[in-house]
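Note sheet for the following structure.
Just so it is clear, the structure is predicted and the values come from calculations on it, not from any experiment.
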Amino acid sequence: MTKQEILSLRKAACRVRMGVIESTHAAKAGHPGGSLSAADLFTYLYFKELNINPTAPQAPERDRFVLSKGHTAPGLYSVLALRGFFPWDDLKSLRQIGSHLQGHPNMNLTPGIDMSTGSLGQGISAACGMALSAKHMGKSCRVYTLLGDGELQEGQVWEAMMFAHHYKLDNLCVVIDNNGLQIDGTVDEVMSPYPIPEKLRAFGFDVTEVDGHDFEQLDAAFAYARQVKGMPSAIVMKTTKGKGVSFMENQAGWHGKAPNDEQYQTAMDELNAQLAGLEAE
Amino acid sequence: MADSKNTATRDSYGNALAELGAEHEDLIVFDADLSGATKTGTFKKAFPERHFNCGIAEGNMMAVAAGAAAMGLIPFASSFAMFAAGRAFEQVRNSIGYTHLNVKIGATHGGISVGEDGASHQCCEDFALMRSIPGMVVMSPSDDVEARAMVRAAYEHKGPVYMRFGRAAVPVIHDADCFSFEIGKGEVLREGKDVAIIANGLLVAAAVEAAQALDGLGISARVINMATIKPLDEDIVLKAAKNCGKIITCEEHSVIGGLGEAVCALLSEKMPTPVKRIGVNDEFGHSGPAAALLKQFGLCADNIVEVAKVLCSK
């Protein structure tokens, strides 16, 4: 990637973060913390990695993305809006009656959503079914899924991991957002999923570890994953929950809480300052 | 009544899958280490490249099937009813029901006729669980002819379907040459005016037998095969209530949440009518030969006759 490309992704990620703050503030609910930790990943996927077309969201040969950690829908909605799947202003309707932006993703309502998720552990299984089917149907598309680190506590995740390896789903890329926090506290004090890379390797994945806020590292990891053959790949991202909004960073309390008017203003001021800094680069 | 040897509807399921598989390339099958028992092994023998074992992981299997349906394939996912509807309920609810994806669940070993395996494997709650999911079609065939036609109808139907098949061999009561099946349509097998017996699964044959015995006692019993529990054929129930004035429901399922309650719910709102529900009375089954269990739990022609006699004497 050129420096210009990276700068462009960083600006887009900043806008995605603004969308998360705007939508959860308008909804007075939602999950900003994990949306912000995954904002760079969402941006990388939809602006660089995925073979998708906002004007043809159902194109049969498109790559699929399943947000297994469905509660971070505000982050996904924000990137879909920025990418042109639907108008940016829709974000303000998050969680409202009549909105296509449900509290958790609904594939039948929102353009660009490939699978309805929200109940943890199921998205990765659906992604496995998609990857298996793509191979069976001779399609060259790839399937990506994002899981939270707390989500790894769901037993179904490991059923799916076994399945992915058993059927040699090398068209599947599993991404783990290791921000270290879940609702009740840190993941290791609630129910430790560590060591994550070692567990994934034991389940037959080719694992790369990255800083989930570093586009160069993400770029290298996804390029590597593309050429893995005969086994599924995984990317374990170290991230900061609430990344980009100082008072939300590394605070479990911002898992599922919306900013009030004052917090909204502070967060938007910070993000606007970050964007201005990037524009000046 | 057709004259043919007894067949378990799980065998019908496996045979129908193999038949349909030859016609439709997009039909694939998932199983959870029970291919020999669910009879998806019959399909596997014919189309090994379209049969995917998921291992003993039913929750994952259901969501995998949802993913396959999202790609445009038509997956049939199978396990015992206890694990397909019970263990994987929430995966079925969220990944198949809420999405309204085109997944067909073929659950075998429903009810207490599972027999010797005992209560842990005798699922008498699957109709209740599956009925509670919006948009889910819930069916249970009475014999081989109907089961095979049902699998075909499920394939053609757009949206999620739950089918329950049995382990025990049951008589064939339909004539394959002149049988047609439609989802959501009940079937009058025998006309009658004093009482209507509405049954599904292996109790349909028992209901026919009971109606013949009741004839000798001067009670004219209508027999309705209600293979589709949801959506319920309301017209056929209301007509039976109007014509006969008394209803008996029979199912190899808990009296809570199944066909009996579906009929009662309809009648209480649209045409209050006396109903007696024959089913498993809010208790668990236990080990034993299927025939003996069915008799012990009153899921047999003799008990239907007794219930009808009491109901008609009032």
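When only modelled atom types and interatomic distance are considered, A/N106 and B/Y98 share a side-chain donor-acceptor pair under 3.5 Å. A donor and an acceptor atom, one from each side chain of B/E90 and A/S119, are located under 3.5 Å apart.
With values rounded to the nearest 0.5 angstrom, A/S133 atom OG is found 11.0 Å from B/D26 atom CG. Residue B/S95 holds its OG atom at 4.0 Å from CE of A/M115, rounded to the nearest 0.5 Å. How far CZ of A/R64 is from CE of B/M71: 4.0 Å, rounded to the nearest 0.5 Å.
The minimum heavy-atom distance between B/A70 and A/M107, with the atom names listed, is CB-CE, 4.3 Å. Closest heavy-atom contact between A/N108 and B/T99: ND2-O, 2.9 Å.
The environment of B/F284 atom CZ is sparse: at most 12 non-hydrogen atoms of other residues, nucleotides or ligands sit within 6.0 angstrom. In the displayed structure, A/L109 atom CG is contacted under 6.0 Å by more than 12 heavy atoms of other residues, nucleotides or ligands. Counting non-hydrogen atoms of other residues, nucleotides and ligands closer than 6.0 Å to NZ of A/K139 gives a total above 12. Heavy-atom neighbours of B/R93 CZ from other residues, nucleotides or ligands within 6.0 Å: at or below the threshold of 12. Applying the 6.0 Å contact sphere to CD of B/E269 captures no more than 12 heavy atoms from other residues, nucleotides or ligands.
For A/A160, the parts lying under 4.5 angstrom from a heavy atom of chain B are both the backbone and the side chain. For B/N53, the parts lying near chain A are the backbone and the side chain together; criterion is any non-hydrogen pair under 4.5 Å. Looking at A/A131, there are no atoms closer than 4.5 Å to chain B (heavy atoms on both sides), in backbone or side chain.
For the set A/Q156, A/H166, A/Q122, A/M137, the entry with the most heavy-atom pairs within less than 4.5 Å of chain B is A/Q122. Heavy-atom pairs under 4.5 Å with chain A were tallied for B/M62, B/E49, B/R50, B/Q91; the largest tally goes to B/Q91.
Ring geometry, A/F163 versus B/F30: the interplanar angle falls from 30° to 60°, so the pair is classed tilted.
Put simply, the side chain of B/N60 never gets that close to the backbone of A/V157: no donor and acceptor are under 3.5 Å apart.
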